[in-house]
Amino acid sequence: MQTLLVRKQGPIQWIRFHRPDVRNAVNLQMMGELEQVLTEIEQDSQCKVVIFSGDERAFVSGGDLDALHQYGHKHEIQPIMERMGRILERVHGLAPLTVAFVEGAAVGGGCEIVASCDLCFASATARFGMIQVKLGITTGWGGAGRLMRKIGPARALPLLLTGQILSAPEAKASGLVDVLLDGERADQAVQEFAEQVAKAPLEIIRFYKGLAEEVNRGVPTAELYAREAEQCASLWESEEHAQAVREFLARRKS
């Protein structure tokens with residue numbers, strides 16, 4: 001791959017956007033490579049956490065305007081927008097937990113990618129913005145709807161309509177950033193978190209992700225508790241649960 005640096009560490013998959021000359025802007029080649037790596041993850045029953053990252057200058061700066069503006073008409077560019085939208089919907093629908101790790105600028109389409117992930121970890125130098133309005137366009141990859149779902153329409157609309165750039169602390173206050181990282185070893189903190197999550201069975205990760213999606217859709221808790229009971233009961237009879245109980249009781253007796 002030329003636009004992505006992919007690294008697998010056991011159940012943890014790192015995907016680094018790598019077009020540094022254009023601040024990791026998305027072109028058609030990157031879309032194709034993302035489709036390829038997502039297919040591999042979807043077929044990998046051992047993968048539990050996927051981390052998307054960029055570099056200290058940029059997470060992703062959006063679409064590559066030089067490359068994409070050779071498609072000047074609606075009928076030419078709309079299929080490309082829809083293709084990237086499908087890619088981000090696949091990211092959102094992955095069974096593993098997805099984490100956006102942002103150290104630099106995540107603007108335009110880069111912010112849409114962040115909004116597609118389950119969680120966002122950001123260093124103090126990160127910046128965020130839905131700046132499409134300043135270019136006379138809207139979001140094109142589904143990011144506005146995902147942003148509204150994550151932080152609510154009342155907070156999302158001002159960002160979408162003004163193109164305001166948020167610092168990392170401001171993005172944390174808005175709800176776009178979930179964890180604000182301090183220090184020089186931010187990547188190590190993300191890795192350590194991923195290792196903790198990866199101790200959980202993929203079935204549990206998938207279940208809680210699905211539950212979170214239903215809560216976001218406004219499904220009443222009265223409809224959800226029975227699903228939690230069913231899931232817990234199904235895992236209750238598993239060997240993994242039995243072994244964990246044996247280890248817990250042995251520690252308590254020692």
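Computed from a predicted model, the values in this text were never measured in an experiment. For the single chain, residues carry numbers from 1 onward in sequence order.
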According to salt bridge (charged side-chain N to carboxylate O under 4.0 Å, His left out), does anything in residues 157-174 pair up with another residue at least two apart or in another chain? List the pairs.
none
Expected output: side-chain T98 to main-chain H92 donor-acceptor under 3.5 Å:
no
Can you tell me how far apart CG (L97) and CD1 (I205) are? Round to the nearest 0.5 Å.
6.5 Å
Going by the angle between their ring planes, with limits at 30° and 60°, are F52 and F17 parallel, tilted or perpendicular?
parallel
Say whether, by atom type as modelled, one donor and one acceptor occur between the side chain of R127 and the main chain of S167 under 3.5 angstrom.
no
Would you call R90-E35 a salt bridge at under 4.0 Å N-O?
no
Measure the spacing between CG of N216 and NZ of K150 and express it to the nearest 0.5 Å.
10.0 Å
Quick one: CZ on R146 to CG on L176, what's the gap to the nearest 0.5 Å?
13.5 Å
Are E192 and Q196 linked by a side-chain donor-acceptor pair shorter than 3.5 Å?
no
In chain order, what residues pass the salt bridge (Lys or Arg N to Asp or Glu O under 4.0 Å) check against R206, with sequence neighbours excluded?
none
From R7 atom CZ to S53 atom OG, the distance as rounded to the nearest 0.5 Å:
7.5 Å
Please check if the side chain of N27 supplies one atom and the backbone of D64 the other of a donor-acceptor pair under 3.5 Å.
no
Cluster membership besides L211, Ile/Leu/Val/Met/Phe/Trp/Tyr side chains within less than 4.5 angstrom, sorted by chain and number, is I204, F207, Y208, V215, V219, L224, L235
Path from L94 to V60 over hydrophobic side-chain contacts below 4.5 Å
yes
Start with the C-alpha distance between I113 and M84, add both sets of side-chain angles, then the distance that settles side chain to side chain contact (heavy atoms under 4.5 Å, CB included), and finish with yes or no.
CA-CA 10 Å; I113 295 172; M84 191 62 192; 4.3 Å; yes
Answer yes if V114 and L159 sit in the same cluster of Ile, Leu, Val, Met, Phe, Trp and Tyr residues linked by side chain heavy atoms under 4.5 Å apart, and no otherwise.
yes
Are Y71 and L28 close enough that some pair of their side-chain heavy atoms sits under 4.5 Å apart?
yes
Gap separating the CD atom of E112 from the CE atom of M130, nearest 0.5 angstrom:
5.0 Å
Under the side-chain hydrogen bond (donor to acceptor under 3.5 Å, both in side chains) test against T3, which residue among E33, Q29, R16, R19 passes?
E33
